[in-house]
Every structure is written in structure tokens, then in C-alpha cells.
Amino acid sequence: MSDQKASSILVSAVVFILLELAALVLLYRASTLQNIWINRASHRTMALLWGSGETLRSRFQLEALNRELQAENARLQERLRVSGPADGPREEGIYRYTPATVVKMSRNRTHNYIILDKGSEDGIRPQSGIISDRGVVGVIQAVDKHFSYGLTLMNPDISIGARLDRSELVATIAWDGRRTDRAILRNLPPHQVVEPGDTVRTSGFSILFPPDVPIGVTGDSRILDGSTRQVEVTLFQDFARLRYVTVVENLKRSEIMALEAAGEDAR
């Protein structure tokens, strides 16, 4: 009886040892899987944080690069105006170009406006033109120390002197009041045929804008009341994507306006 009991105890001990070994193996495997899962989760978290940091860093770098390009564009515009054509008059010192960023702008109103991040402390003055690398944007109306307020070309209160490339005809252009990418070239002679696809630029007869700033391209035309022709113009400037602009100031504006006033008084 004692031999059977001893044998039973031995069998139980062997089974216990085997179960312990199996438990240890399972625990080791479970621990390994847990380590893998934890490592994978930590790697995902680190990758997410690293990717977000890189995205944020790239965004700041892109912002800085855009500002540098904006300033360089303003400098190149001013240099081009200063140098002028080799066989023509020079415009040295007439215009000053200041890069700015759009803070706020409306596009769905009857009278649309724009607010820029530059003001009087940056040399911005009312009655200065606003342009971009695509074309005419609008006109500065009011300024404070750090910001300026203007009317965009999508405003019926703004009209700009324009010229057609092919025919050299001069007329005024204003928003059509309906679409953000359309304007109307007005006051053309009814007998004058304007072909679609002609480039429209600033005429240079205004104290606001230098000559030859692009505005848009001509489309269909029609005669109004038998006396004038008006032409649809598709604007180059996409106001939905506008963010960086250049404020252009005619430094001789006061002198020109004083001369005009003197001429009016002399009549």
C-alpha cells in the first residue's frame, strides 16, 4: 500500500512539474506577444508624433519661404519698374512695392473688401493699388498702424483704367456683379471689334496702378443702346486662392493730384 501511495505521489509530482513547465512556456509566449504589441503601439505613437512634428515644421518653413518669395517678388517688380525699357523713359522712384498677406476677405457680397496685415507703420497709405503675381486685386481705402482695408475688384465702386494689347484701345473695367472671375470692359466705341482672347492690362493713366499690370482676357462682346460696346473679361486673379499680395503706391500721387486740381481751378 505504501508503494502504491509513493507511486501516486510520484505521478502527481511529475504532472505538477509538467503543468508548471507548460504554464511557464505559456507565460513566456504571452509576455513575448505583449511585448510585440506594446512595441508596435509605441512605434505607431512615435511615428504619429514625429509625422505631426514634421508636418508642423514643414508648414512653418513653407510659410517663411512664401514670405521670402513674396518680398522677393515685390523687390523684382520695383526693380523692373525702375529699370524700365532700354529705349524708353525710366520710372525711377515713381512706385513703391510692399508685400502683404491677406488677413480677411469677402467674396460673396455685393460690395467685397479685403484686409491686409500691413498698415501705416509699414508705409501703407490710402489710395494705393493692390496687385498680385496674377494681376489686379483692388484699392486700399483706409489704414491704421498695423492693418489696411481695401475694396477688391469684386466691388461695383471700383473701376480701373484698362488697355487692350492688340488694338491699344483704352477703356474702363469693372466687376460684372455676378461672378467672382468676371468683369466688364466698358465705354468702347460701338464700331470697334474686339476679338476674344485679347489680354487686358492696366492703362497706366491712373495714379493707382503702374501700366501693363495684367487684369484678364476678353470674351464675348455686345453693343448697348447702339452707343457703346461692352466686353466680358475673364479675370486672371482667382480670389478664392488669394493669400499674398503687393501694395503699390504712386509716390508722385500728391503732385499729380495737385496739378489736376490746379487745372480744374483754371477752367
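Note that the structure is a prediction, hence the values are computed from the model and not measured.
- The pair Arg201-Asp165 meets the salt-bridge criterion, since a charged nitrogen lies less than 4.0 angstrom from a carboxylate oxygen.
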Exercise. Apply side-chain hydrogen bond (donor to acceptor under 3.5 Å, both in side chains) to the pair Thr234 and Arg182, showing each step before the final yes or no.
Key: CA-CA 5 Å; Thr234 300; Arg182 292 293 174 88; 3.3 Å; yes
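- Under the 3.5 Å distance criterion, with hydrogens and angles disregarded, no donor-acceptor pair is assigned to the side chains of Thr228 and Arg186.
- Considering all non-hydrogen atoms of both residues, Phe205 and Val170 come closest at CE1-CG2, 3.8 Å.
- Here the side chains of Val137 and Ile114 are in contact, with some heavy-atom distance below 4.5 Å.
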Quiz item: Going through the distances and angles, do Glu195 and Arg166 end up as a salt bridge (Lys or Arg N to Asp or Glu O under 4.0 Å)?
Solution: CA-CA 9 Å; Glu195 296 292 339; Arg166 296 174 187 169; 5.6 Å; no
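- The shortest side-chain heavy-atom distance between His111 and Pro156 falls under the 4.5 Å cut-off.
- In terms of heavy atoms, Val213 sits closest to Gly135 at CG1-C, 4.1 Å.
- Connection of Ile215 to Phe236 is not established within any shared hydrophobic cluster, with ILVMFWY side chains joined at heavy-atom distances below 4.5 Å, either directly or through further cluster members.
- Under the 4.5 Å side-chain criterion, counting only non-hydrogen atoms from C-beta, Leu251 is not in contact with Tyr95.
- In the hydrophobic cluster analysis, where Ile, Leu, Val, Met, Phe, Trp and Tyr join through side-chain heavy atoms closer than 4.5 angstrom, Val103 is grouped together with Met105.
- The closest side-chain heavy-atom distance from Leu169 to Gln192 is below 4.5 Å.
- Of all heavy-atom pairs spanning Phe239 and Arg107, the tightest one is O-CD, 3.5 Å.
- Put simply, Val136 and Val217 are part of two different groups of oily side chains (I, L, V, M, F, W, Y) that touch within less than 4.5 Å, one to the next.
- Using a 4.0 Å cut-off between charged nitrogen and carboxylate oxygen, Arg163 and Asp212 count as a salt-bridge pair.
- Among all heavy-atom pairs drawn from Tyr149 and Ile115, the shortest one is CD1-CG1, 4.1 Å.
- Grouping the Ile, Leu, Val, Met, Phe, Trp and Tyr side chains by contacts below 4.5 angstrom, directly or via other members, places Ile160 apart from Ile184.
- In plain terms, the two heavy atoms of Ser167 and Asp198 that are nearest each other are N-OD2, 4.2 Å.
- A pairwise comparison of heavy atoms in Ile158 and Ala174 identifies O-CB, 3.6 Å as the closest pair.
- Taking the side chain as every heavy atom from C-beta outward, Ser132 and Leu242 approach each other to under 4.5 Å.
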